Participant: 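Pasting a structure below so you can have a look.
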Amino acid sequence: MESGCSHYNDVDSEHARCIIHIDVDCFYAQVEMVRNPELRSVPLGVQQKNIVVTSNYEARKYGVQKCMLVTDALKVCPNLKLINGEDLHNYRTASNKIFAVLQCWKCPVEKLGMDENFIDVTNLVQEKMKSANISNVTLAGHAYSEPSIDCPCGCHTRLKVTSQIANEMRKKIYEDLSFTTCAGIAHNKLLAKLICPQNKPNDQTTIFPEHGTSFMSTLESVRSIPSIGSKTTEALISNNIVTVSDLQQASIDVLKKHFSSDMAVRLKELSLGEDNTPVKQTGKPQSIGLEDSFKIVSVRSEVEDKFTALLQRLMVLVREDGRIPVSLRVTLRKKDAKRLSSHRESRQSQISPSIFTLSSGALTITETGQQKLMSIIMRLFNKLIDLTKPFHLTLVGLAFTKFQERMTGRGSIVNYLMNDISVQSVLNLQNECDTSSSPMDYSAVSPSSSTTTDLSDAEVEPSPKKPKKVTWIAKRRCLSKEEVASPSKLKVGELRLNSKELEKVSELRLNSRDRSLTPRASPAKDNLSDTSDTMRDCEEQNCDDCPSYVDKEVFSALPDEMQKELKAMWKNPSSSEMPRSSPRTTNKAKPNTIMKYFVPHK
DNA sequence: CCGCTATCCC
DNA sequence: GGGATAG
């Protein structure tokens, strides 16, 4: 190191992180101007229903504000050019492009709505500071306030480097996509977001940690703090806490009287400009849903029609998403004289992935699959409505809320096997108490990930609503001829492998099936073979390294690497990786998940 | 203000 | 499962 090395870099400091918040200027209006550059020079408003949801800066000169009534906007700006913005498709596309550009920096990017993104560039800044001489790095854009004190942790330098990165990002968004943006640079999300609009449009602002608290106190209402909404504001105001400054000075004990302890602490921290929430990489949504509101629906058949229509639309979205849903939620809002606003009720249930099919890689659903889903939906509906009384609904909603975990492919051979096996087990779990001949009783089927929990819950602490004690029996199922012959049409429940992996597994299963079928003459039972064959086969397949429950032939067909990994695991089960969803246990009475799925219950 | 979609927290 | 929050 050289001369005045005052650039101490304390990565454990409270100011350790480097966060950028990027906000696209008047997003909808810019999308329209990019589409049609002639609009750039005229006052432009984007209209939804009867309101101007946003306007370009040309229109703002005349006083056209966000969410203004069209009539009022035209009064202040008779030349206002209006474009209908009710179709969000173009906006979504533009939003995704911006998100994609930001991903180029290989840092976590969190999307917030269509026009905002957080980026955590902490690691990138560290790298830059290691490789380049940053002793006299300059700030890009504005500072909220010039750094005065010399923060010993080195955050000033880091944030200056961050401001340079933010500048590069905005430059690339402009060069690639022609969108101007604002950015806020800070050591946390709260300050980055709040400082972002300080220099609008098309500019960026950095705030240094030492100014966090004083900046926050410039905010008039507690409501301007993200995560403090109308309800929390009400509660605070009723305690005479109106401004952020009030909140800064409020006693924590007073806050704890009206909020949970965690919430009280969090409110206080926010008021001081402190926020340790991480930037979470945005990925696929955790739920995909639709809802439909209306004046009144009081007839069951109409409800069914609404759900059928929703399901129809929802399937398009799920198909586009590509993942296989395993849980379904039904929501409704009852007509309520008291609370007209959103008081929703919902019920959800697991669904069998085998309802869906994969044909040549695309997720589809058969007619009978739709019928199965509808019967689940109506069963959930019945749980929500007392059918002996009249009902009055003002909204119904449908959402898929859980999805089959993606095969990460490489990395985990245990997952490779587990996913496959666990799904198989689920498909073949049967409730002993179930006397019906129906092959699928949805109320009884548990998802792979929660089978263990459900079982123990049922044994240890039966819920009063489900008093009957259940016993699960695992059976191995053979593939039908059609399924083997045409793997692309296999039930989705058995297919969570990519095509290469699929080929392998199909092959293994085919072998396994041939072997179990040829020696014995029991062709009558096809799909659901009984357990005895399997159990005996397992006993016959004993080998030195494999437990008795492992099919030797299947095992030996696995790649050497996989065999090794499995053997290692069997030698020392507790130290081996387990699937995320199944916490391992040291309790011998409670077998680990792998055992659970391999060992047939007696 | 309300409709809609999604997430997080209790 | 329900409420609060965001956009």
Side-chain angles (χ1 to χ4, degrees), chain A residues 21-24 26-28 46 48-54 66-69 72 85-89 91-92 94-95 98-99 110-118 189-190 193-194 196-197 222-236 256 258-267 270 275-295 306 310 313-314 316-318 320-321 325 327-334 336 339-350 380 383-384 394-403 463 465:
Chain A
H21 180 261
I22 292 183
D23 189 321
V24 185
C26 53
F27 181 59
Y28 287 4
V46 176
Q48 284 175 346
K49 298 286 168 66
N50 208 22
I51 52 179
V52 179
V53 290
T54 193
K66 271 186 184 178
C67 296
M68 214 174 190
L69 285 173
D72 294 341
E86 285 165 19
D87 180 354
L88 304 183
H89 180 259
Y91 307 141
R92 270 195 261 276
S95 176
I98 290 164
F99 180 72
E110 178 179 340
K111 207 145 115 64
L112 189 62
M114 288 211 265
D115 67 336
E116 294 176 39
N117 288 280
F118 286 104
K189 286 168 72 176
L190 172 71
K193 180 175 166 93
L194 286 175
C196 187
V222 290
R223 183 68 171 82
S224 49
I225 295 176
S227 84
I228 298 186
S230 60
K231 296 290 177 182
T232 311
T233 302
E234 256 178 59
L236 287 170
K256 282 182 180 171
H258 298 270
F259 302 94
S260 74
S261 178
D262 285 356
M263 184 62 166
V265 170
R266 167 124 180 94
L267 287 171
L270 287 171
D275 169 29
N276 57 17
T277 58
V279 174
K280 273 158 296 185
Q281 174 66 46
T282 294
K284 296 249 185 158
Q286 301 178 34
S287 69
I288 301 176
L290 291 170
E291 52 187 41
D292 186 12
S293 62
F294 31 77
K295 282 287 173 213
K306 296 283 186 192
L310 279 183
R313 285 206 286 142
L314 195 52
V316 178
L317 302 182
V318 170
E320 281 169 6
D321 181 274
S327 180
L328 177 68
R329 180 168 64 218
V330 163
T331 305
L332 49 81
R333 186 179 62 196
K334 296 169 183 167
D336 191 344
R339 295 173 292 189
L340 10 138
S341 64
S342 58
H343 144 252
R344 293 159 148 81
E345 293 174 82
S346 68
R347 293 292 183 273
Q348 62 180 31
S349 109
Q350 308 291 347
L380 291 170
K383 279 197 195 179
L384 286 156
T394 62
L395 175 145
V396 295
L398 216 52
F400 289 114
T401 53
K402 284 179 187 173
F403 303 90
S463 146
K465 289 191 176 173

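Everything quoted here is computed from the prediction, not taken from an experiment. What you see below is based on every heavy atom in this structure, not just the backbone, and it leaves out hydrogens, waters and symmetry mates. In what follows, every chain begins at residue 1, and chains take the letters A, B, ... in the order their sequences are listed.
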Participant: Which whole-number value in Å describes the distance from A:F294 CZ to B:dC2 P?
Facilitator: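 Distance check: A:F294 CZ to B:dC2 P gives 17 Å.
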Participant: Whole angstrom is fine here: how far is it from CG in A:L267 over to P in B:dC10?
Facilitator: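 Answer to the nearest Å: 11 Å.
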Participant: Does OP1 or OP2 of B:dC4 have a side-chain N or O of A:S293 closer than 4.0 Å?
Facilitator: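 So the side chain of A:S293 is within the cut-off, an N or O lying under 4.0 Å from OP1 or OP2 of B:dC4.
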Participant: Which value, rounded to the nearest 0.5 Å, describes the distance between A:H343 atom NE2 and A:T394 atom OG1?
Facilitator: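 So the gap between those two atoms works out to 10.0 Å.
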Participant: Taking only N and O in the side chain of A:K280, is any of them less than 4.0 Å away from OP1 or OP2 of B:dC8?
Facilitator: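 For A:K280, the contact criterion (side-chain N or O under 4.0 Å from OP1 or OP2 of B:dC8) is met.
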Participant: Measure CE/A:M263 against P/B:dC9 and give the value in whole Å, please.
Facilitator: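 It is 11 Å, rounded to the nearest whole Å.
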Participant: Using the closest heavy atom to pick a nucleotide of DNA chain B for each, name whichever of A:I51 or A:E291 lands nearer the 5' end.
Facilitator: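 Its nearest nucleotide lies further toward 5', so the answer is A:I51.
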Participant: Measure from the side-chain N and O atoms of A:S95 to the backbone N and O of A:M114, and report whether any donor-acceptor pair falls under 3.5 Å.
Facilitator: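 Looks like yes, one N/O pair under 3.5 Å.
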Participant: Under 4.0 Å: is that the gap between some side-chain N or O of A:T232 and OP1 or OP2 of C:dT5?
Facilitator: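 For A:T232, the contact criterion (side-chain N or O under 4.0 Å from OP1 or OP2 of C:dT5) is met.
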Participant: Without swapping roles, check the side chain of A:T282 against the backbone of A:K111 for a donor-acceptor pair under 3.5 Å.
Facilitator: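 At least one qualifying donor-acceptor pair exists.
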Participant: In whole angstrom, what separates A:L88's CG from C:dG7's C1'?
Facilitator: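 Rounded to whole Å, this separation is 11 Å.
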Participant: Distance check needed: C:dA6 C1' versus A:L190 CG, whole Å only.
Facilitator: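 That distance rounds to 15 Å.
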Participant: As a test of reading the structure: which of C:dT5, C:dG7, B:dT5 is closest to the side chain of A:D115, going by heavy atoms?
Facilitator: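 Nearest listed nucleotide: C:dG7.
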Participant: Among the candidates B:dA6, B:dC10, B:dT5, find the nucleotide nearest to the side-chain atoms of A:P285.
Facilitator: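 Side chain of A:P285 sits closest to B:dA6.
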Participant: Determine: side-chain N/O of A:S287 to OP1/OP2 of B:dT7, distance under 4.0 Å, yes or no.
Facilitator: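 Result: yes.
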Participant: Between C:dG7, B:dC4, C:dA4, which one does the side chain of A:E116 approach most closely?
Facilitator: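 So the side chain of A:E116 is nearest to C:dG7.
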Participant: So, do A:K189 and A:H21 sit near enough that their side-chain heavy atoms are less than 4.5 Å apart?
Facilitator: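 They are not in side-chain contact.
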Participant: How many whole angstroms separate atom CG of A:L194 from atom P of C:dA6?
Facilitator: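 My rounded result for the distance is 11 Å.
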Participant: Does A:S346 place a side-chain N or O at less than 4.0 Å from the phosphate oxygens OP1/OP2 of C:dG2?
Facilitator: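 So the side-chain polar atoms of A:S346 do come within 4.0 Å of the phosphate oxygens OP1 or OP2 of C:dG2, strictly under.
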Participant: Of the candidate nucleotides B:dC4, C:dG7, C:dA6, which contains the atom at the shortest distance from the side chain of A:K193?
Facilitator: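 So the nucleotide nearest the side chain must be C:dG7.
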Participant: Using heavy-atom distances to pick each residue's nearest nucleotide on DNA chain B, tell me which of A:Q286 and A:D292 is more 5'.
Facilitator: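 Nearer the 5' end of the strand: A:D292.
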Participant: Given atom NE2 of A:H343 and atom P of C:dG2, what is their separation to the nearest angstrom?
Facilitator: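 Atom NE2 in A:H343 sits about 7 Å away from atom P in C:dG2.
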Participant: Could you check whether any side-chain heavy atom of A:R344 comes within less than 4.5 Å of a side-chain heavy atom of A:E291, counting everything from C-beta outward?
Facilitator: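 When only atoms from C-beta onward are counted, A:E291 and A:R344 do touch, with a gap below 4.5 Å.
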Participant: When you measure from the side chain of A:K231, which nucleotide among C:dG1, C:dT5, B:dC10 comes out closest?
Facilitator: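 Closest nucleotide to the A:K231 side chain: C:dT5.
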Participant: Under 3.5 Å, is there a donor-acceptor pair linking the side chains of A:D275 and A:T277?
Facilitator: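 Yes.
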Participant: Could you work out which one of C:dG2, B:dG3, C:dT5 sits closest to the side chain of A:R333?
Facilitator: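 The listed nucleotide nearest to A:R333's side chain is B:dG3.
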Participant: How many whole angstroms separate atom NZ of A:K66 from atom C1' of B:dC1?
Facilitator: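 Checked: the NZ to C1' distance equals 17 Å.
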Participant: Among C:dA6, B:dC10, C:dG7, which nucleotide sits nearest the side chain of A:R223?
Facilitator: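 Output: C:dA6.
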